[in-house]
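Here's the structure, in structure tokens; my notes come after.
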Amino acid sequence: DQQVKQNSPSLSVQEGRISILNCDYTNSMFDYFLWYKKYPAEGPTFLISISSIKDKNEDGRFTVFLNKSAKHLSLHIVPSQPGDSAVYFCAATPGGRGSTLGRLYFGRGTQLTVWP
Amino acid sequence: DGGITQSPKYLFRKEGQNVTLSCEQNLNHDAMYWYRQDPGQGLRLIYYSQIVNDFQKGDIAEGYSVSREKKESFPLTVTSAQKNPTAFYLCASREGAWTDTQYFGPGTRLTVL
């Protein structure tokens with residue numbers, strides 16, 4: 001049962017435009033959310049995160065928005081660059097609660113392609 | 001230079017053989033994790049360990065085994081009982097209970113022939 005869903009397997013955006021990657025979750029116990037970026041044959045690298053007490057977190061060109069009532073978060077990349085082309089994974093966790101301490105639940109990823 | 005290392009990068013084994021994947025970290029992180037990535041499947045948790053000498057099964061632990069004898073090391077053994085072992089295996093670590101962010105190694109591509 002997929003508790004974190006990324007319904008768009010791919011997204012194609014022109015360089016300089018905004019990329020918006022979406023993520024939905026079903027578990028209301030999730031209170032911390034992360035985005036990872038992954039190139040082929042490499043490990044994912046942490047990009048940005050957000051706690052459920054916030055609705056927005058910004059880091060340079062990357063902004064994550066959280067809508068708790070809709071159980072939805074999105075990652076905005078502005079402006080998009082060709083080097084941003086990668087698979088982006090959304091992850092969520094209920095934080096420090098019992099046996100799930102530290103567990104991350106991942107979506108299936110969205111392949112972002114930024115073309116010149 | 002701190003980080004997580006996984007070796008080898010590519011591994012080939014014959015069907016029916018057990019194989020052990022290495023994961024070492026010099027970040028002094030308490031928790032370590034093993035994930036498996038298959039095309040279109042995202043990352044699925046195999047095993048995780050919060051402290052030395054303790055580990056828990058993840059969602060797809062069948063056919064795998066782990067040990068955590070040292071804080072720095074969390075090797076994963078893929079046994080012959082694992083029906084579809086060919087995959088990309090990722091190891092991750094987390095500093096401690098005060099943070100949820102995990103940091104990943106470069107991965108090992110295992111191909112069973």
Side-chain angles (χ1 to χ4, degrees), chain A residues 1-10 21 23-25 27 29-54 57 59 64 86-111, chain B residues 3-11 21 23 25 27 29-51 54-61 74 87-111:
Chain A
D1 183 27
Q2 198 80 11
Q3 299 187 55
V4 177
K5 300 177 183 179
Q6 293 178 258
N7 293 320
S8 297
S10 63
L21 295 97
C23 178
D24 297 294
Y25 60 96
N27 190 338
M29 298 296 286
F30 287 153
D31 62 4
Y32 194 76
F33 305 87
L34 307 90
W35 285 94
Y36 285 85
K37 175 181 178 179
K38 185 182 180 301
Y39 293 116
E42 293 184 11
T45 55
F46 170 69
L47 203 54
I48 192 170
S49 61
I50 187 166
S51 165
S52 61
I53 62 173
K54 295 184 176 181
N57 188 26
D59 184 1
V64 56
V87 176
Y88 288 79
F89 288 101
C90 172
T93 180
R97 292 188 176 85
S99 62
T100 64
L101 185 67
R103 268 206 64 163
L104 292 180
Y105 294 81
F106 284 86
R108 296 189 176 188
T110 296
Q111 170 69 58
Chain B
I4 303 171
T5 57
Q6 292 184 245
S7 60
K9 181 70 173 175
Y10 298 96
L11 191 54
L21 281 60
C23 177
Q25 53 100 358
L27 301 166
H29 285 183
D30 289 329
M32 297 185 74
Y33 305 80
W34 273 105
Y35 294 89
R36 166 180 173 145
Q37 186 192 12
D38 296 281
Q41 290 280 352
L43 277 65
R44 293 185 291 168
L45 183 65
I46 304 173
Y47 267 99
Y48 59 115
S49 168
Q50 305 295 337
I51 56 173
D54 185 55
F55 46 83
Q56 292 80 38
K57 291 181 179 180
D59 298 323
I60 54 166
F74 191 40
F88 189 53
Y89 290 87
L90 289 157
C91 178
S93 70
R94 180 174 65 100
E95 188 175 2
W98 56 89
T99 176
D100 291 306
T101 304
Q102 293 180 19
Y103 296 92
F104 285 82
T108 293
R109 164 68 66 184
L110 172 65
T111 302

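All chains are named by letter (A, B, ...) in the order of the sequence lines, taking the proteins before the strands, and each is independently numbered beginning at 1.
Neither the backbone nor the side chain of A:P9 comes within contact range of chain B, judged by heavy atoms closer than 4.5 Å. Proximity to chain A (any heavy atom under 4.5 Å) is restricted, for B:Q37, to the side chain, taken from C-beta onward. Both the backbone and the side chain of B:L43 come within contact range of chain A, each with at least one heavy atom under 4.5 Å from a heavy atom of that chain.
Inter-residue side-chain proximity for A:Y105 and A:Q2 is flagged as unmet; no heavy-atom pair is nearer than 4.5 Å. When side chains are defined from C-beta on, A:V64 does not count as touching A:S49, because their heavy atoms never get closer than 4.5 Å. Using a 4.5 Å heavy-atom cutoff, the side chains of A:L104 and B:Q102 are in contact.
Residues B:D59 and A:R103 are paired through a salt bridge, judged by an N-O separation under 4.0 Å between the basic side chain and the carboxylate.
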